[in-house]
Amino acid sequence: MSSSGPAPPRRGKAIASDKVSPPLTNTRLSRLIYLLVLLSGALLAFYGYRLAQYKRDVGGWWNVALRKSPPSHKSPVVGDGDVQRKIEELAEVLGIQSSDLASAIAGAVHQYVPPASLSSIQASQTGKVIEALVSGVSQQSSATPTNTESGGTTGVAGIVAESVENFVGMDEP
C-alpha cells in the first residue's frame, strides 16, 4: 500500500449513521421512571435494613445519634476460679442457703455467661452450688412461655408488628 494515492474505493454499502439510534430512544419515559423508582426503593430498603441492624447492635437510636459504640460483652473474670466459694460467701452474707442463691441467679448466669464458660466451670468444679446453678439454668430455659401462651399475636400480623417494634423500638434510655 502506497501513501501517495487516495484511499481505495469502497466495495460495500456504507452504513448510514442515521439508522443507528442513540441508547434509550426506544424506551418510554414512564418505564424508565418506574425502573429508577424500583431501583431506588430496593436501595432504600437495603440501607433501612442495615440501619435497623446497626441500631440493634449499638443499643438504640440514642447511641446511633451520638455515635456511641456498643458495650462490649466480656466474660466475667473469676479471680481465683472458685465460683462455689464466692457464692457460698455471698449466701452467708445475705443469710440464705447457697443452693437457693445459685438457683436464683441461674437465669442471669445463663443470659450473660457464654455456654462454653459455664460448661468449663462445671467441668472444673463440682459441688451442690455448681449443680444448682447449672440445673437452675436448664429448669428456667424449659419453663419459658411461648408467644401464644403469653397472649402474643401469631401469623403474618404478629410478624409485621414485631418487625415494626424491632425497628422503631422503645429501647432508648
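Along the sequence shown, the residues carry numbers beginning at 1.
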Distance, nearest 0.5 Å, that separates CZ of R31 from CG of L36:
13.0 Å

What do you reckon, is CD of E89 surrounded by more than 12 foreign heavy atoms closer than 6.0 Å?
yes

Just so I know, are the side chains of I33 and S30 near enough to count as touching, which here means a heavy-atom distance under 4.5 Å?
no

Considering all heavy atoms of both residues, which atom of A91 and which atom of S98 are nearest to each other, and what is their separation?
CB-CA, 3.6 Å

As an exercise, state the distance from CD of Q97 to CD of E92, rounded to the nearest 0.5 Å.
11.5 Å

Does a donor on one side chain sit under 3.5 Å from an acceptor on the other, for Q53 and R56?
no

Assess the residue pair Y34 and L38 against the criterion (side chain to side chain contact (heavy atoms under 4.5 Å, CB included)); give the C-alpha distance rounded to whole Å, side-chain angles, the decisive distance to 0.1 Å, and a yes or no.
CA-CA 6 Å; Y34 285 136; L38 180 71; over 6 Å; no

Taking all non-hydrogen atoms of both residues, which atom of L101 and which atom of I87 are closest, and how far apart?
CD2-O, 3.6 Å

Can you tell which of L43, L51, L44 makes a side chain to side chain contact (heavy atoms under 4.5 Å, CB included) with Y47?
L43

Quick one: does L35's side chain get under 4.5 Å of T27's, heavy atoms only?
no

If Ile, Leu, Val, Met, Phe, Trp and Tyr residues are connected whenever their side-chain heavy atoms lie under 4.5 Å apart, and connections chain through other members, are L90 and I105 in the same group?
yes

Please report the closest heavy-atom contact between V58 and V64, naming both atoms and the distance.
CG1-N, 4.0 Å

